[in-house]
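Input: a single structure, listed below in structure tokens.
Sequence lines set the chain letters: A, B, ... in the order given, protein chains first and strands last, and positions in each chain run from 1.
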Amino acid sequence: MTTAAPTPKPQKAERRSLGQSQFSVAWGQFRKNRLAQTGGVLLILVYLLAMFAPFIAPDGLSNYSTSNITRFHPPTPVQFRDTQTGAFTRPFVFKYGQELNMDTFVNEYKPTAEQCPIYFGVRGAPYKILGFIPGNLHLFGTGQENPDCNVFLFGGEALGRDLFTRTLYASQISLTIGVGAVLASTVIGLFMGALAAFFGGFVDTVIMRLVEVISAIPYLFLLLLLRSVFPQNINPILALYVILGILAFIGWGGLARVTRGQLLSVREQDFVSAARALGASDNRVMWRHMLPTMTTYIIVTLSLSIPGFILLESGLSFLGIGAVEPYVSWGSLLAQAQEGGLSSLNQRPWVLIPGFFIVFTVGCFQLLGDGLRDAFDPRKRQ
Amino acid sequence: MFPFLIRRFFQAIPTLLLASVLIFFVISLAPGDFLTPARLNPGISEQQLANLSANFGLDKPAYVQYFYWMRNMIFNGDFGLSFQYTQPVLPVIWPRIVNSVYLVLLNLVFFYAIAIPIGVYGAVRQNSFGDKAINVVLYFLLGFPSFFLFLIVIYFILQIRNATGWDIPLGGMTSGNYEQLSSLGKFWDVLSHLLIPAAVLAITDAAGLTRVIRGLMLEVMRSDYIRTARAKGVSERTAIWKHTFRNAILPIVAGIGGLLPAAISGAGFVEVVYAYPGITPMLLTAITASDLYLIAGFTVISTILLIVGNALSDILLAVVDPRIKVG
């Protein structure tokens, strides 16, 4: 019997099917999960929306008119049809007039007959995309020739600023702080868990006790306690970092515990002993052999804990200790729903719109996280 | 049972001590000491300031201050002085804590009353239309911050109130005429105020637990002893509730204690929206006023309550699971 030399082509295909890395298997699994992919794509869209928020928003973040006060202006529906002929025209909004209702003494907004055409690519408030690309072009707007016209897609808020603009700007904060806090707490958790496992003894006891204590205090009160250490009137940008740091501080415990347990069990395994016997340094053993066993776990917990942190951040901002003026997050936008007592909520339900952005983003992150978990879980492979 | 409680008590001491160290450490990080606002108050004399300073050992290093604080707390039940209220902390915060505990307890009742039937239904009728529909709704609910769902509920309640004139309580804990009511009337008044926030809170939280119960039930339902029970001719009802459910909920009963911090914190957001006289609204004003001892007092007491809750959940686990012996 002679063995024919295999042709190069099938061999190549064979090698590919044999040597599949864990990540390519997971990617293949992920590709089959339509729901998780949808979540991922929608998230990319949301992040793009946040990145180009200044361009898409018709107004600047804190712009409002002091002469034409539009406090809690209702949303202005965009009209596409001419009022007389019914033919399609350039989209326009009606200009709104204000009038005091003498029965209820509430200032009411009523559309007038005057039409404000909406132009695309208008010049307006200057901005910097990502902090360095300057511009003053906006996707749409009513232009500068009729300043009393407003396109309020989501209505106006307490100072008469455009809620749509502010919601878009808020997405920058809301989407960053949650993810940033998760990343920071992951780094802290890994580091602390590795420290505890590596040194053992006293260090181990201290770290594990600290984790226990942090989880014994209700997280909201711990957050409030930590926030109260910093003055109330600190620089708004600093306040954002403070909140990020506090969120990271209360979130690392669980991961540190898991890391410690995992590393302790891995430490006794053959490949680690082999690495040590080959003369690898502690550093190399830790980084090249022990920590990589955590990769899957970290990817999955990371994606599953982001929604929780986004919810927590929105809660803190809602309570007024997260993002403060001039910065906004979805949570702090919702806080104005309470302004003037809850019973006035049904006169301006549009202030609830930013909340749906939270729900949408959290939902997408959950779909993505569940998809990743299933993709990395060998028991759930299809 | 009694030796078990004693043991739990002694086990809790290190955690409590460390928690108090952490809390005190965080407080002493804040700029100025806790008499700084008092010095600005012309109503407090120099002599009083000196007395307070000596009482809390403010002229001594931080670790000595910690022992003063602990001493006052353990032996005198004195959590320090609140500056907003110029009163000892404990009498100020105690009614608030009791109010919050009412809310959390009612919330837990709703929480289990919602999550258990739905979770069991999902497992028994797995992949039925109802199961899938509930799953989708719950998945959607997981994304709702509790305060946002509550705002939406309030919006609809307002619509109902405007449409029907039905006076649904909306905010606070008691009605205006609370003092004139009979004791039964008082009870009902508070309960009717608590129902909506507790239910809303339970719905947002139940989404997670329902999925867990469903998964656990499915796991137990596939086990051999359930098949044996069915083979013996046990009724469907007994097979599910007595054989499957009692085994499936064990991990959940063990986790009740761990659930409390989230329950108390979650209740906080709803308290703020509902203007309910609970812990969190008072904490928020305390933060603006940097009333540190008030904040520390709340944190210490809620930590103690949590540890008590954990012990209770252990006892409960022993009641549900005869394999575990307490004591």
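Distance alone, capped at 3.5 Å, is enough to place a donor-acceptor pair between the B:Tyr139 side chain and the A:Gln366 backbone.
The greatest number of non-hydrogen atom pairs below 4.5 Å with chain B, out of A:Leu311, A:Leu226, A:Val359, is found for A:Val359. Interface remark: of the candidates A:Leu319, A:Leu312, A:Ile358, A:Leu222, A:Leu319 forms the most heavy-atom pairs closer than 4.5 Å to chain B. Counting heavy-atom pairs closer than 4.5 Å to chain A, the top residue among B:Ile279, B:Leu141, B:Leu16 is B:Ile279.
Taking both residues in full, the closest heavy atoms of A:Val213 and B:Ala19 are given as CG1-CA, 3.4 Å, listed atom of the first, atom of the second, then distance.
Using a 4.5 Å heavy-atom cutoff, the side chains of A:Val362 and B:Phe144 are not in contact. Looking only at side-chain heavy atoms (C-beta outward), B:Phe269 and A:Leu220 come within less than 4.5 Å of each other. Residues B:Ser302 and A:Ile217 form no side-chain contact, since every pair of their non-hydrogen atoms from C-beta on lies 4.5 Å or further apart. Counting heavy atoms from C-beta outward, A:Phe221 and B:Thr280 have side chains that approach closer than 4.5 Å. In this structure, the side chains of A:Leu210 and B:Leu18 stay at 4.5 Å or more apart for every pair of heavy atoms.
Heavy-atom contacts from other residues, nucleotides or ligands closer than 6.0 Å to OH of B:Tyr102 number 12 or fewer.
Separating the CG atom in B:Leu142 from the CZ atom in A:Phe365 is a distance of 15.5 Å, to the nearest 0.5 Å. Rounding to the nearest 0.5 angstrom, the gap separating the CZ atom in A:Arg209 from the CG atom in B:Leu17 is 10.0 Å. Here CG of A:Leu225 is found 6.5 Å from CD1 of B:Ile295. Values are rounded to the nearest 0.5 Å.
In this structure, no portion of A:Leu35 lies under 4.5 Å from any heavy atom of chain B. With a threshold of 4.5 angstrom between heavy atoms, B:Ile157 does not approach chain A through any atom at all. At a 4.5 Å heavy-atom cutoff, the contact between B:Leu22 and chain A is made by side-chain atoms alone. Contacts of A:Tyr219 with chain B are made by both backbone and side-chain atoms, with heavy-atom separations under 4.5 Å. Heavy atoms of A:Ser215 lying under 4.5 Å from chain B belong exclusively to its backbone. Residue A:Leu223 does not touch chain B at all, counting heavy-atom pairs closer than 4.5 Å.
Classification of the A:Phe356-B:Phe148 ring pair by plane angle, with boundaries at 30° and 60°, yields perpendicular.
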